[in-house]
Amino acid sequence: EGLSDLRDESDMDGIRVVLEVKRGEIPQVILNQLYKHTSMETTFGVIMLAIVNGQPRVLNLAKFLLLFLQHRRDVVVRKTKFELRKAEERAHILEGLKVALDNLDNVIKLIRKSKTPGEAIEALIENFPLSKIQAQAILDMKLQRLTGLEREKIVNDYKETLKEIERLNSI
């Protein structure tokens, strides 16, 4: 009651609602009725309790948001470092497989000459620029991965892993 017109004049700049009051009405009374009978004004209490450096603290909104953003940053950094380490380990192994595929005949001869897996690993490390992890990955490789399609797959996987490393480093 007491309103003659209600218009929505919202645009890209913001929300704007125009209420026109009837003649003889008191605008403040109508405004108070709107607050009382609608959800234009809603209040609720919040206890901004958080654990800061192992201690429970009651914070103001600005400090609460700052600490939350720092926490999110820490989470993203830790997650990214973990993923980066895993991707670098994967790239390291793929580099070794690539070396083995490039020198396939020599690698097979060395493995066949070796009496034990440990001896084969040492022979691979001595004759090729490989680490112990790469040499072990070569010994663990199935023979089916020596086919042409699998070779292409290893090279493509290596390229994708390098792109992933680059992306993670940029983060």
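One-based numbering along the sequence shown. Model, not experiment: these values are computed from the prediction.
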> Taking it one step at a time, do I125 and K132 satisfy side chain to side chain contact (heavy atoms under 4.5 Å, CB included)?
CA-CA 7 Å; I125 292 171; K132 189 171 185 174; 4.1 Å; yes
> State whether a side-chain donor-acceptor pair under 3.5 Å links D140 with Q136.
yes
> Applying salt bridge (charged side-chain N to carboxylate O under 4.0 Å, His left out) to E25 and K22, what does each step give before you reach the verdict?
CA-CA 6 Å; E25 296 289 333; K22 291 181 183 175; over 6 Å; no
> According to side-chain contact (heavy atoms from CB on, under 4.5 Å), who are the partners of K163, at least two apart in sequence or on a separate chain?
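By the side-chain contact (heavy atoms from CB on, under 4.5 Å) rule, K163 matches E160.
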> Determine, using the 4.5 Å side-chain heavy-atom cutoff (strictly less than), whether V21 and I26 are members of one ILVMFWY cluster.
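No, V21 and I26 fall in different hydrophobic clusters.
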> Using atom types as modelled, flag every donor-acceptor pair under 3.5 Å from a side chain in residues 95-112 to any protein atom, sequence neighbours excluded.
residue, atom, partner, partner atom, Å
E95, OE2, Y158, OH, 2.9
D102, OD1, R151, NH2, 2.8
N103, ND2, V99, O, 3.1

> Mind checking the CG-NZ spacing from L94 to K159? Nearest 0.5 Å is all I need.
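The NZ atom of K159 is 12.5 Å from CG of L94, to the nearest 0.5 Å.
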> Just how far is it from atom CD1 of I165 to atom CD of E83, taken to the nearest 0.5 Å?
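Those atoms lie 12.0 Å apart.
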> Would you mind checking if R167 and E164 are paired as a salt bridge, meaning a charged N to carboxylate O distance below 4.0 Å?
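Yes, charged N to carboxylate O under 4.0 Å.
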> Who are the side-chain contact (heavy atoms from CB on, under 4.5 Å) partners of S10, not counting sequence neighbours?
D8, I15
> Do N156 and E152 touch side chain to side chain, with heavy atoms closer than 4.5 Å?
yes
> Quick one: do I133 and L124 end up in the same hydrophobic cluster if we chain Ile, Leu, Val, Met, Phe, Trp and Tyr together by side-chain heavy atoms under 4.5 Å apart?
yes
> In terms of heavy-atom contacts, does CG of L49 have more than 12 from other residues, nucleotides or ligands at under 6.0 Å?
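Count over threshold, so yes.
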> If you take all heavy atoms of A87 and L168, which pair is closest and at what distance?
CB-CD1, 4.4 Å
> Check the hydrophobic clustering (I, L, V, M, F, W, Y; side-chain heavy atoms under 4.5 Å; chains of links allowed) and say if L84 and F82 are grouped together.
no
> Taking side chain as C-beta onward, heavy atoms only, is L19 less than 4.5 Å from I30?
no
> List, by chain and number, the other hydrophobic cluster members for V52, where Ile, Leu, Val, Met, Phe, Trp and Tyr join if side-chain heavy atoms come within less than 4.5 Å, directly or indirectly.
F44, V46, M48, L59, L61, F64, L65, L67
> Is there side-chain contact between D5 and V18, with heavy atoms separated by less than 4.5 Å?
no
> So with a 6.0 Å cut-off around CD of E166, is the heavy-atom count from everything else above 12?
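Open: at most 12 neighbouring heavy atoms sit under 6.0 Å from CD of E166.
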> Quick check for you: to the nearest 0.5 Å, what is the distance between I171 atom CD1 and T80 atom OG1?
4.5 Å
> Determine whether I93 and E89 satisfy the following criterion, side chain to side chain contact (heavy atoms under 4.5 Å, CB included), listing intermediate values before the conclusion.
CA-CA 6 Å; I93 290 172; E89 289 171 2; 5.6 Å; no
> Measure the shortest side-chain to side-chain distance between R73 and V76 over non-hydrogen atoms and say whether it is less than 4.5 angstrom.
no
> If you look at every heavy atom in P117 and L139, which pair is closest and at what distance?
O-CD1, 3.6 Å
> Ignoring hydrogens and geometry, is there a side-chain-to-backbone donor-acceptor pair from E88 to R85 under 3.5 Å?
no
> Between L162 and V155, is there shared hydrophobic-cluster membership here, with clusters defined by ILVMFWY side-chain heavy atoms closer than 4.5 Å?
no
> List in chain and number order the residues that pass side-chain contact (heavy atoms from CB on, under 4.5 Å) with N60, two or more places apart in sequence or in another chain; answer none if no residue qualifies.
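Counting only residues at least two positions away or on another chain, N60 forms a side-chain contact (heavy atoms from CB on, under 4.5 Å) with A62, K63.
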> So E20 and R7, salt bridge (charged side-chain N to carboxylate O under 4.0 Å, His left out) or not? Walk me through it.
CA-CA 9 Å; E20 289 187 11; R7 288 189 316 270; 2.5 Å; yes
> Going only through I, L, V, M, F, W and Y residues with side-chain contacts under 4.5 Å, is there a path from V17 to L31?
yes
> Test of understanding: with side chain to side chain donor-acceptor pair (under 3.5 Å), list the residues that count as partners of D157, not counting sequence neighbours.
R90
> Mind listing the closest non-hydrogen atom pair of A120 and S114 along with its distance?
CA-OG, 3.2 Å
> Using a cut-off of 6.0 Å, state whether more than 12 heavy atoms not belonging to I51 lie near its atom CD1.
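No.
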